[in-house]
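The structure under discussion appears below in the form of structure tokens.
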Amino acid sequence: MAERISMFLRQKYPDSTAKIVGKETGIPWKTVKNWLDKRAAPKAPHFMKLVNAYGLPFLDAVDPDGLPFLKDVRTAIERRDLTVRFEEVIATAQKLQRGELDGS
């Protein structure tokens with residue numbers, strides 16, 4: 001899994017990978033660099049920060065087989081993403097009803 005995490009991060013950010021991931025996740029960039037250099041692998045708290053930052057694309061990349069212990073994490077992310085999208089749709093519908101949007 002560590003190799004897939006490294007590949008995902010490098011593909012997402014080919015340049016300055018460790019520093020960008022560090023800024024986006026709050027994980028020290030030197031820790032991320034150790035993962036990229038294969039000196040270490042993310043422990044659970046950092047793994048969850050990566051999941052939170054990069055969502056389902058991250059899980060799909062690092063867990064293509066859908067490991068059972070990540071099923072609940074995947075479900076929670078899907079629920080969160082759907083809730084956010086639902087709230088956006090409701091807000092847009094309310095603006096349309098109030099005439100705040102021109103419909104285009």
Side-chain angles (χ1 to χ4, degrees):
M1 191 178 289
E3 179 67 30
R4 289 186 292 236
I5 291 170
S6 179
M7 281 183 16
F8 175 86
L9 296 174
R10 287 188 189 279
Q11 286 176 348
K12 186 159 182 68
Y13 306 110
D15 300 313
S16 303
T17 307
K19 290 185 180 184
I20 294 170
V21 171
K23 285 180 185 177
E24 289 189 347
T25 63
I27 300 168
W29 72 268
K30 287 184 180 183
T31 299
V32 177
K33 180 115 173 67
N34 284 334
W35 305 337
L36 298 172
D37 294 341
K38 299 177 184 139
R39 287 192 286 255
K43 292 188 168 70
H46 286 158
F47 182 83
M48 293 311 298
K49 284 186 176 188
L50 293 168
V51 168
N52 194 43
Y54 303 117
L56 289 175
F58 174 77
L59 275 183
D60 290 341
V62 302
D63 181 35
D65 300 324
L67 296 173
F69 74 94
L70 289 175
K71 182 180 179 192
D72 291 340
V73 173
R74 186 179 301 275
T75 300
I77 290 171
E78 289 172 342
R79 184 176 294 125
R80 179 197 68 192
D81 292 350
L82 285 171
T83 299
V84 167
R85 182 66 185 127
F86 176 75
E87 290 170 354
E88 290 170 349
V89 168
I90 293 298
T92 300
Q94 290 171 343
K95 287 179 182 177
L96 282 169
Q97 285 178 334
R98 292 190 302 263
E100 295 174 11
L101 299 176
D102 62 5
S104 58

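The chain is numbered in sequence order, starting from 1.
- From Arg74, atom CZ reaches atom CG of Leu59 across 5.0 Å, with rounding to the nearest 0.5 Å.
- A continuous path of hydrophobic side-chain contacts links Val62 to Tyr13 [ILVMFWY only; heavy atoms under 4.5 Å].
- Using a 4.5 Å cut-off between side-chain heavy atoms of Ile, Leu, Val, Met, Phe, Trp and Tyr, with links allowed through other members, Leu9 and Leu56 fall into the same hydrophobic cluster.
- Atom CZ of Arg39 has more than 12 heavy atoms from other residues, nucleotides or ligands within 6.0 Å.
- More than 12 non-hydrogen atoms from other residues, nucleotides or ligands lie less than 6.0 angstrom from CZ of Arg98.
- The two residues Trp35 and Leu50 make their nearest non-hydrogen contact at CZ3-CD1, 3.7 Å.
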| request: Just do the side chain to side chain contact (heavy atoms under 4.5 Å, CB included) check on Gln94 and Glu100 with the steps written out, would you? | output: CA-CA 9 Å; Gln94 290 171 343; Glu100 295 174 11; over 6 Å; no
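- Nearest heavy-atom pair across Pro42 and Phe47 is CB-N, 4.2 Å.
- Of all the heavy atoms in Leu36 and Ser6, the pair that sits closest is CD2-OG, 3.7 Å.
- A salt bridge does not link Arg4 with Asp63: every distance from a Lys NZ or Arg NE/NH1/NH2 to an Asp or Glu carboxylate oxygen is 4.0 Å or more.
- Within the structure, salt bridge (Lys or Arg N to Asp or Glu O under 4.0 Å) contacts touching residues 18-34 (residues at least two apart or in different chains) are Lys33-Asp37.
- The OG1 atom of Thr25 lies 10.0 Å from the CG atom of Asn52; values are rounded to the nearest 0.5 Å.
- We find the NZ-OG1 distance between Lys49 and Thr31 to be 9.5 Å, quoted to the nearest 0.5 Å.
- Val32 and Gly22 make their closest contact through CG2-N, 4.4 Å (heavy atoms, listed as atom of the first residue, atom of the second, distance).
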